[in-house]
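See below for the structure under consideration.
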Amino acid sequence: DDHKYAPPASANAQDFIAVFKELNGVHPGLRKAHAKGVCAAGKFTPSAAATDRFNTALFDSGEVPVTLRFSMGGGNPEADERQGTRGVGIQFQLPNNQQHNIAGITSALFSGSTPNHFLGLLQWNLKIMRGEATREDIAKYIAANPSMQAAVEWNKGKMPSTEYTNADYYGIHAFWAAGEQQREKFRWQLVPTSGNEYLTQEEQKSLPTTFLAERLMERLEADGEVSFDWHWTIGAEEDPTNDPSVLWPEDRERVHVGKITITAAGGENCTPINFDPMRVVRGIQPSDDPVLPMRSAAYAISFGQRLSNQ
Ligand code: HEM
């Protein structure tokens, strides 16, 4: 049984694309994960604290345009928005055609310390879909793999947000930023200026399965703009950079590095964008988190396929 509930011994980007397609069907031209979403546009304004402390092209140019895409986790283009994780990809359009990407979700933690853990979870879901396993197998799989439990605990009892712009988003992985003297490790979080708001159980029953894109348009129409504060949690010497399943201690320093303001939504501007989180500008470096290069490779395959209508 121990062996039965071990993560797969190997995991590569093709394995992920294959399992996404098996779980969700083949949808030519669409993203193989986060298939359902809405594009948006706005600006990023770095804070004085950010420009003073970090030496990076990300903060060197003052206010810059951003292209964003809000999405539903998973590869189902008809995903039910009354439940499930929301995601956001942001591309910072810096001078000289430089682009910096971030992509995060509404969970602070990844389901396991390696990509293999997550692939195993997807494969168990596939077996359930095919009638070859039950929910109980998933529970056993998680119980057999301690690094998967923190994400489950963190998400327990949390309701989904009422709007794409009413939720905290987390970058999950550690990155490095160049400082004046030395580099610093950080993990990022986007916090909506208007606060978090969650669906009630009543709303979860009464709402249609699609409402988030429409609510974003309505919000922009009513208020003109909607914004997030961008915070970086600075890691201490002993905080791991290679494990996205473990939170750093609560008391770590948090730097408000700027504000993201959204002013428009809709349209196809995000179609030609691959929000690969390893595409970073001078002064920012990906960490040794093993999930990051797996994401990069999987996004490249998905991007290539969807742009060639596969
Ligand atoms: C091994 C782990 C992962 C795999 C294999 C994976 C795979 C994918 C793929 C194939 C896409 C579609 C890319 C495209 O067609 O442009 C995607 C999109 C996305 N992923 Fe992941 N992902 C992983 C982990 C994560 C994590 C940890 C996060 C959050 C921190 C995340 C957030 C997102 C978001 C927000 C999008 C949508 C970006 C957009 O709107 O274009 N993913 N993922």
Run T106 and T85 through side-chain hydrogen bond (donor to acceptor under 3.5 Å, both in side chains) and show every step you take. CA-CA 6 Å; T106 51; T85 307; 4.7 Å; no

Say whether Q123 and N125, considering side chains only, have a donor N or O and an acceptor N or O under 3.5 Å apart. no

Please tell me whether L68 and Y170 are part of a single hydrophobic cluster in this structure, the criterion being side-chain heavy atoms less than 4.5 Å apart. no

Taking the six-membered ring for Trp, are F228 and Y169 parallel (under 30°), tilted (30 to 60°) or perpendicular (over 60°)? perpendicular

Is a side-chain donor-acceptor pair under 3.5 Å present for S296 with D276? yes

So CD1 of I301 and CD1 of I17: to nearest 0.5 Å the spacing works out to 5.5 Å

Step-by-step side-chain contact (heavy atoms from CB on, under 4.5 Å) determination, L216 to T165: CA-CA 7 Å; L216 177 59; T165 52; 3.8 Å; yes

Does R69 reach the main-chain N or O of T271 with its side chain, forming a donor-acceptor pair under 3.5 Å? no

With a 4.5 Å limit on heavy-atom distance, are the side chains of R254 and Q189 in contact? yes

Under a 3.5 Å distance rule, please check whether K185 uses its side chain to pair with a backbone N or O of A236 as donor and acceptor. yes

Any K21 side-chain heavy atom under 4.5 Å of K32 side chain: yes

Count the heavy atoms belonging to other residues, nucleotides or ligands that lie under 6.0 Å from NZ of K259, then report whether that count exceeds 12. no

For the hydrophobic clusters of this structure (ILVMFWY residues joined by side-chain heavy atoms under 4.5 Å, transitively), does one cluster hold both M217 and V226? yes

Calculate, to the nearest 0.5 Å, the distance between atoms CG and OG1 belonging to L119 and T114 respectively. 9.0 Å

Grouping I, L, V, M, F, W and Y whenever their side-chain heavy atoms are under 4.5 Å apart, do I172 and I234 come out in a common cluster? no

Determine whether the aromatic ring centres of residues W176 and F186 are separated by less than 6.0 angstrom. no

Aromatic plane relationship, W230 with F59 - under 30° parallel, 30 to 60° tilted, over 60° perpendicular: perpendicular

Any chance the side chains of N155 and S107 put a donor and an acceptor closer than 3.5 Å? yes

Has the side chain of S47 got a donor or acceptor atom that lies under 3.5 Å from a matching backbone atom of H256? yes

Is there a path of hydrophobic side-chain contacts, each under 4.5 Å between heavy atoms of I, L, V, M, F, W or Y residues, that connects I102 with L109? no

Heavy-atom donor-acceptor pair, N116 side chain to P8 backbone, under 3.5 Å: yes

Do E253 and T233 have side-chain N/O donor and acceptor atoms under 3.5 Å apart? no

What's the verdict on side-chain contact (heavy atoms from CB on, under 4.5 Å) for L58 and R282, showing C-alpha distance, side-chain angles and the deciding distance? CA-CA 8 Å; L58 183 56; R282 178 187 55 76; over 6 Å; no

Using 0.5 Å steps for rounding, measure from the CG atom of L122 to the CG atom of L23. 6.0 Å

Between S147 and N145, is there a side-chain donor-acceptor contact under 3.5 Å, judged purely by atom types and distance? no

Heavy-atom distance under 4.5 Å between the side chains of L121 and S111, does that happen here? yes

Establish, for the pair K156 and W154, whether the NZ or CZ atom is under 6.0 angstrom from the six-membered ring centre and no further than 45 degrees off its axis. no

Determine whether D137 and T134 make a side-chain contact, defined as any pair of heavy atoms from C-beta on separated by less than 4.5 Å. yes

From the list E214, E225, E163, salt bridge (charged side-chain N to carboxylate O under 4.0 Å, His left out) with R219 holds only for E163

Please tell me if the side chains of M278 and P286 come closer than 4.5 Å, counting only heavy atoms from C-beta onward. yes

Show, in sequence, the C-alpha distance, side-chain angles and deciding distance for L190 and D229, and conclude whether the side-chain contact (heavy atoms from CB on, under 4.5 Å) test is met. CA-CA 6 Å; L190 283 168; D229 285 309; over 6 Å; no

Could you verify whether a donor N or O on one side chain and an acceptor N or O on the other, from R279 and Q91, lie under 3.5 Å apart? no

Side-chain contact, heavy-atom cut-off 4.5 Å: Q93 with V64? no

Kindly assign one of parallel, tilted or perpendicular to the pair F110 and F118, based on the angle between their ring planes and the thresholds 30° and 60°. perpendicular

Tell me if a side-chain donor or acceptor on N101 pairs with a main-chain N or O of N274 at a distance below 3.5 Å. yes

Following the transitive rule for hydrophobic clusters with a side-chain heavy-atom cut-off under 4.5 Å over Ile, Leu, Val, Met, Phe, Trp and Tyr, establish whether V26 and F20 coincide in one cluster. no

With the threshold set at 4.0 Å, does a side-chain nitrogen-carboxylate oxygen contact exist between E203 and R82? no

Option among F275, F92, F175 that satisfies the ring pair (Phe, Tyr, Trp, His ring centres under 6.0 Å) test with H100: F92

Identify which one of T241, N242, D289 satisfies the side chain to side chain donor-acceptor pair (under 3.5 Å) criterion when paired with H173. D289

Is it the case that the side chain of N196 and the backbone of D168 share a donor-acceptor pair, with hydrogens and angles ignored and the cut-off at 3.5 Å? yes

Would you indicate whether the side-chain heavy atoms of C39 and E268 approach each other to under 4.5 Å? no

Is there a donor-acceptor contact under 3.5 Å from the side chain of S302 to the main chain of A298? no

Short question: side chain of Q149, backbone of I142 - any donor-acceptor pair under 3.5 Å? yes

Here's one to test your reading of the geometry: is the NZ or CZ of R187 within 45 degrees of the ring axis of W248 and under 6.0 Å from its centre? yes

Give a yes or no on this: more than 12 heavy atoms of other residues, nucleotides or ligands lie within 6.0 Å of atom CD of E221. no

Of the options R215, E197, R86, which is the one that meets N166 in a side chain to side chain contact (heavy atoms under 4.5 Å, CB included)? E197

Under 3.5 Å, sequence neighbours excluded: what are the donor-acceptor pairs made by side chains of residues 71-78?
unit_1, atom_1, unit_2, atom_2, d
S71, OG, H34, ND1, 2.8
N76, OD1, E78, N, 2.8

Charged N to carboxylate O under 4.0 angstrom, E81 versus K36? yes

Quick one: pull up OG in S161 and CG in L212 and give me the separation to the nearest 0.5 Å. 6.0 Å

Salt bridge or not between R252 and E238? Use side-chain N to carboxylate O under 4.0 Å. yes

A side-chain contact here means heavy atoms from C-beta on lying under 4.5 Å apart; do P46 and V257 qualify? no

Just how far is it from atom NZ of K4 to atom OH of Y141, taken to the nearest 0.5 Å? 13.5 Å

Reported CZ-to-OG1 distance for the pair R53 and T51, which is rounded to 0.5 angstrom: 12.5 Å

Ion pair check, K127 and E22, cut-off under 4.0 Å: no

